[in-house]
Trainee: 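Once you've had a glance at the structure underneath, I'll fire off some questions.
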2 protein chains.
Amino acid sequence: MKINNIVITGRMFQEVQTILEKEIVGKNFRFLSESEVTENDLGWADAFVSFRPSPIFELSHLKWVHSFGAGVDSFLYKREWDERVLLTRTICSFGQKIGEYCLSYILRELQCHQKFNHLKKCRVWEPIAPKFLHEQTVIIYGTGVIGQEIARLFTTLNMTVYGVSLSGAKKDFFRKVYPITGQPPLTTANFVINTLPLTGSTFHIFNGHIFNSLSETIFINVGRGATVSDDALVTALDKGNVKHAVLDVFSEEPLSLSNPYWERKDVTLTPHISALTSPEEAVTCFIETLNKIENGKRIENKVDVKRGF
Amino acid sequence: MKINNIVITGRMFQEVQTILEKEIVGKNFRFLSESEVTENDLGWADAFVSFRPSPIFELSHLKWVHSFGAGVDSFLYKREWDERVLLTRTICSFGQKIGEYCLSYILRELQCHQKFNHLKKCRVWEPIAPKFLHEQTVIIYGTGVIGQEIARLFTTLNMTVYGVSLSGAKKDFFRKVYPITGQPPLTTANFVINTLPLTGSTFHIFNGHIFNSLSETIFINVGRGATVSDDALVTALDKGNVKHAVLDVFSEEPLSLSNPYWERKDVTLTPHISALTSPEEAVTCFIETLNKIENGKRIENKVDVKRGF
């Protein structure tokens, strides 16, 4: 496939422009903010590159859409997609980044940061024994490139790591992978981490059925907000099935000021930062993908639009 | 050497008694709280086992003293020691434990836990990009078994790790080891970790000379409190050479209520918990050491009383 005209938009289009103009020749680019993208641009372009569709968005003249993020639900979820248009996504160091994010909150819990912080405020010297990584069992939902990289990091640190995926297919670095219909060892999990994409099959997959099986578990969501039923999570926090929730993604982003999560002491919020794409990584992945497309090579980061990821 | 009569004391003497009585036969034990230890007990005993000398303490009839901790400054620092008495110390998973302690505070900083906690209280959604382990430079003072285990962990996680020791001798897992009189790359260190024991040579080794070379560095002390000049650390915090201090050990423990560290937001305090000896590990190391002594084998955990560690 030959790509000549490319629209690049989204929050970091200017940084991408600075880097890309040094790296690539022989292509026509339009670097635009999301609100500047017109029907004319979309009629002109062979390719559209961004984190999500622009307010005016139309597939009909495009050959290729490339997502700067790993998640493509903004393009696919509850939308029609013309399968003749190739959809690719950015794969870079997301797994390593999310792994360190998760590890930081696991260690915060094991090393009692919050308790010691509170004791310091009260000027109380009270030794509490930390817990250690090798004693911990973690269940990771999603065994794709991101889930696998987290599992690799945690296995290196001698944690016991199980996976859950649609198929339950065996993957490296997981002691065992369960199908979503199976029975992973939820009752003994110290930590449950969600890395699932948002698709028709994963909407509200974290509901009372999963949460009721947990016991004082720390739940970390680095996948997509709408894979979790917020009502079920709040109930699980109130009942103690979930001891603390660490949430980087939400059904609605930015989180509205009235959302009860802001108030809860048993919820940690971060503003969707566990796997930010850097402009450098975004450009590298974009150029690699473009080269593969034009040279007819296998595209590992091609999205299966039927599955939704 | 033959050991028959053993006094076991210190804060966990009862847990040790429960485990030890199942494990060992043919020895005479007295399990006592520290205040119960009398001159009579010390005259009867071949061996004294504890974290530190009891209030009544006397070497003259002892053949062997074994420390339940890794640090032996309570036995040696500013005290006389009769070199005919063997001194050994506990070596177990301290390095791994302290490594996870340090890693937890490194990741807290890189993942901006405190900033996000503050933003949550203000209900502000403000993405800040985390930093990552592979970008970090760490200097570890002390390259013994503990320092080396921390270096092993950090190297596995792709951090750049330098060491500082009295001799500057090369050690595994350190990119380079500098002698204490040398010039480690302090100006580029993101984190400086102290694991040094307290001896005549290390008292107040962290003074203005080291701190003035730092720039917005996180300083973590898991060695001994008196290796740091508190006045110099406070000055370094005030001047910004040290951005934040994470202190697990202090010149005076428990820390007095009037100590200014309690008040400072740029100081994290934990009550000497980064390497607690578990009763199980204490007993294992004690029995191994006893067997080596009685069978004339090499004792790796023998303390060089002249060096003080």
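Below, chains carry the letters A, B, ... as their sequence lines are ordered, and counting in each starts from 1.
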Trainee: Using a cut-off of under 4.5 Å for heavy-atom pairs, which of A/Lys97, A/His134, A/His113 has the most such pairs with chain B?
Mentor: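 Most heavy-atom pairs within the cutoff with chain B belong to A/His113.
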Trainee: Could you tell me which of B/Leu257, B/Leu133, B/Leu255 has the largest number of non-hydrogen atom pairs under 4.5 Å with chain A?
Mentor: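 Heavy-atom pairs under 4.5 Å are most numerous for B/Leu133.
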Trainee: Relative to the ring of A/Trp125, is the ring of B/Phe250 parallel (under 30°), tilted (30 to 60°) or perpendicular (over 60°)?
Mentor: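 B/Phe250 vs A/Trp125 ring planes: perpendicular.
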Trainee: Is the number of heavy atoms from other residues, nucleotides or ligands within 6.0 Å of NZ (B/Lys171) greater than 12?
Mentor: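 Correct, the count exceeds 12.
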Trainee: Looking at A/Thr268, A/Ile273, A/Leu269, which one forms a side chain to side chain contact (heavy atoms under 4.5 Å, CB included) with B/Phe116?
Mentor: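 Of the listed residues A/Thr268, A/Ile273, A/Leu269, the side chain to side chain contact (heavy atoms under 4.5 Å, CB included) partner of B/Phe116 is A/Ile273.
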Trainee: Identify which of A/Gln96, A/His272, A/Gln111 forms the greatest number of heavy-atom pairs closer than 4.5 Å to chain B.
Mentor: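 With the most close heavy-atom pairs to chain B, the winner is A/Gln111.
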Trainee: For the interface with chain A, which of B/Ile106, B/Val124, B/Leu110 has the highest count of heavy-atom pairs at distances below 4.5 Å?
Mentor: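 Among B/Ile106, B/Val124, B/Leu110, the one with the most close pairs to chain A is B/Val124.
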Trainee: What's the spacing between B/Cys112 SG and A/Tyr101 OH if we round to 0.5 Å?
Mentor: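 The OH atom of A/Tyr101 is 11.0 Å from SG of B/Cys112, to the nearest 0.5 Å.
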Trainee: Do A/Pro271 and B/Glu126 make a side-chain contact, defined as non-hydrogen atoms from C-beta onward lying under 4.5 Å apart?
Mentor: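 No; the side chains remain at least 4.5 Å from each other.
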Trainee: Let me know if B/Tyr105 has heavy atoms under 4.5 Å from chain A in its side chain, its backbone, both or neither.
Mentor: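 When you check distances to chain A, atoms from both the backbone and side chain of B/Tyr105 fall under 4.5 Å.
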Trainee: Nearest heavy-atom pair of B/Pro130 and A/Leu276: which atoms, and what distance?
Mentor: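 That would be CD-CD1, 4.4 Å.
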Trainee: Taking A/Lys121, A/Lys115, A/Glu253 one by one, which has the highest count of heavy-atom pairs under 4.5 Å against chain B?
Mentor: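 Option with the greatest count: A/Glu253.
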Trainee: Does any backbone or side-chain atom of A/Leu153 lie under 4.5 Å from a heavy atom of chain B? Answer side chain, backbone, both or neither.
Mentor: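 Side chain of A/Leu153 only, per the 4.5 Å heavy-atom cut-off to chain B.
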Trainee: How long is the straight-line distance from CZ of A/Arg108 back to CZ of B/Arg108, given to the nearest 0.5 Å?
Mentor: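 B/Arg108 CZ to A/Arg108 CZ: 10.5 Å, rounded to 0.5 Å.
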Trainee: Can you establish whether the number of heavy atoms outside B/Arg11 located under 6.0 Å from its atom CZ is more than 12?
Mentor: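 It does: B/Arg11 CZ has more than 12 such atoms within range.
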Trainee: Rounded at 0.5 Å granularity, tell me how far SG in B/Cys102 sits from CG in A/Leu107.
Mentor: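 Between atom SG of B/Cys102 and atom CG of A/Leu107 there are 11.0 Å.
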Trainee: Supply the atom-to-atom distance A/Lys120 NZ to B/Trp262 CH2, rounded to the nearest 0.5 angstrom.
Mentor: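 With rounding to 0.5 Å, NZ (A/Lys120) is 9.0 Å from CH2 (B/Trp262).
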Trainee: What's the spacing between B/Thr270 OG1 and A/Leu119 CG if we round to 0.5 Å?
Mentor: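 Answer rounded to 0.5 Å: 11.0 Å.
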Trainee: Measure the CZ-CD distance between A/Arg123 and B/Glu263 for me, rounded to the nearest 0.5 Å.
Mentor: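 Answer rounded to 0.5 Å: 4.5 Å.
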Trainee: With a 4.5 Å cut-off on heavy-atom pairs, point out which of A/Thr156, A/Ile128, A/Asn117 contacts chain B the most.
Mentor: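 If we count pairs closer than 4.5 Å to chain B, A/Ile128 comes out on top.
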